[in-house]
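Order of the sequence lines sets the chain letters (A, B, ...), proteins ahead of strands, with each chain counted from 1.
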Protein chains: 2
Amino acid sequence: MGRWEPDAAGRLREAAMALYAERGFDGTTVADIADRAGVTARTFFRHFTDKREVLFAGSELLEQSMVKALADAPADAGPMEAVAAAVLASAEFFDDIPRDYSRRRQDLINATPELRERELMKMAALTSALTKGLLERGVAADVAPLAAETGVAVFRVSFERWISAPDGEPIADVIRSTLKTLKTL
Amino acid sequence: MGRWEPDAAGRLREAAMALYAERGFDGTTVADIADRAGVTARTFFRHFTDKREVLFAGSELLEQSMVKALADAPADAGPMEAVAAAVLASAEFFDDIPRDYSRRRQDLINATPELRERELMKMAALTSALTKGLLERGVAADVAPLAAETGVAVFRVSFERWISAPDGEPIADVIRSTLKTLKTL
DNA sequence: CATCGTGATGTCAGTCAATGACATCACTGA
DNA sequence: TCAGTGATGTCATTGACTGACATCACGATG
């Protein structure tokens, strides 16, 4: 065994989730979280830039995988096809974490303005990453932002639906269904 | 003359704008702002809930006027027509403030992640207010959010364009032009 | 005209998020 | 065996924000 328990970041994330749920975001101090994780508050800030970010660690991975899928889409695919591929790629990401975790996390976010703010920021970052990816695919400058925004909207709606869908429903199916609905508009 | 200089909130807003521009958001303390406005930091927090909000005071008015225009639109107007009326109503709001002020304010927001976060939150609030207004007009539940989101997008794009448009260009014209472009999609 | 309430502000003390500087020490590789 | 490294702890400090209480010009009231 090493000098310290491994995976301090993971323990901090779990502790934060639990405490935010128990006492609310405002009722929880960073020291509380650190205590429960068996580290000091200073260590918390070595792993997460702030008290909000602890619930959003890993979002870079999601963004990266979506951008990669966008780049990997066939060269002759249209903008919306490429975006659809990107959104579908997010499914892979969520397959690795229990859906119940996603649900509890989202409940916290929805209940806490500070966390909602941060989530909006992540979505905006995702939108501009996708926009950039589309531009690199040669998509016209007036189309790219629109397609990206639409893609993020599909992602959001699908995620929300998946979270409250019957158990066992794969998120990929929900996304495909959302994309199909979109086409009817 | 009263016991205190009038319009403390206004002075605080101007002081904040100036200091954020001079030293950046992070380089400015609330005490700095309060000093320049001739009050104490405690008074700052009596007028604004936090250091970010000082640049967003008045956004409720914008939201209210848009929601009102939405409600006042002819009963037989479709969802997008009503939304267009709401967005156009925002022009009235901006007619009362110098465009240069809007520009400087937006530059600050674009340069500061914390302020961008807050702005996204305001836009999200606007979206849900418009959604609610549409639902009250009897718009279908699956159409309302989409129409609202589109309206806010039009607003954002128009505002951005107006800010960098030649001087004297009325924002209402820019909005009309954006709406026209939208129709071509 | 004396008094009283009120509202906007000041003062003070305290909590807590966040950061920088420096110390520690198990583990690793030469 | 020993120097270097990385993850953590410790300590001190700044600054955002809050609650409790004091102040005092002004306006209303009797």
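Here C:dC16 presents its P atom at 19 Å from CG of B:Asp50, a figure rounded to the nearest Å. We find that CG of A:Asp26 is positioned 13 Å from C1' of D:dA16, with the value rounded to whole Å. What separates CZ of A:Phe44 from P of C:dG20 is a distance of 16 Å, to the nearest Å. Across the protein-nucleic acid pair, B:Ile33 atom CD1 and D:dG15 atom C1' stand 12 Å apart, rounded to whole Å. Here the P atom of nucleotide C:dT15 and the CZ atom of A:Arg23 are 17 Å apart, to the nearest Å. The separation between A:Lys51 atom NZ and C:dT19 atom P is 14 Å, rounded to whole Å. Rounded to whole Å, the distance from CG on A:Asp35 to P on C:dA17 is 12 Å. In this entry the distance linking CD of A:Glu114 with C1' of C:dA17 reads 12 Å, nearest Å.
Rounding to the nearest 0.5 Å gives a distance of 5.0 Å between CD of A:Glu117 and CZ of A:Arg52.
Through direct or relayed side-chain contacts under 4.5 Å between Ile, Leu, Val, Met, Phe, Trp and Tyr, B:Leu12 connects to B:Met17, B:Leu19, B:Tyr20, B:Phe25, B:Val30, B:Ile33, B:Val39, B:Phe44, B:Phe45, B:Phe48, B:Val54, B:Leu55, B:Phe56, B:Tyr101, B:Leu108, B:Ile109, B:Leu115. Clustering of Ile, Leu, Val, Met, Phe, Trp and Tyr side chains at separations under 4.5 Å leaves B:Leu135 isolated, with no partner residue.
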* Classify every nucleotide of nucleotides 3-12 of chain C by which part a protein heavy atom approaches to under 4.0 Å, writing B for the base, S for the sugar-phosphate alone and - for neither, in 5'-to-3' order. => ----BBBBB-
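Classified by interplanar angle (parallel below 30°, tilted 30° to 60°, perpendicular above 60°), the ring pair A:Phe155/A:Phe159 is parallel.
Of the possible polar contacts, none joining the B:Lys122 side chain to the B:Glu60 backbone as a donor-acceptor pair under 3.5 Å is found.
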* Going through the checks in order, is the side-chain hydrogen bond (donor to acceptor under 3.5 Å, both in side chains) test met by B:Gln106 and B:Glu119? -> CA-CA 10 Å; B:Gln106 197 60 36; B:Glu119 187 190 35; 3.0 Å; yes
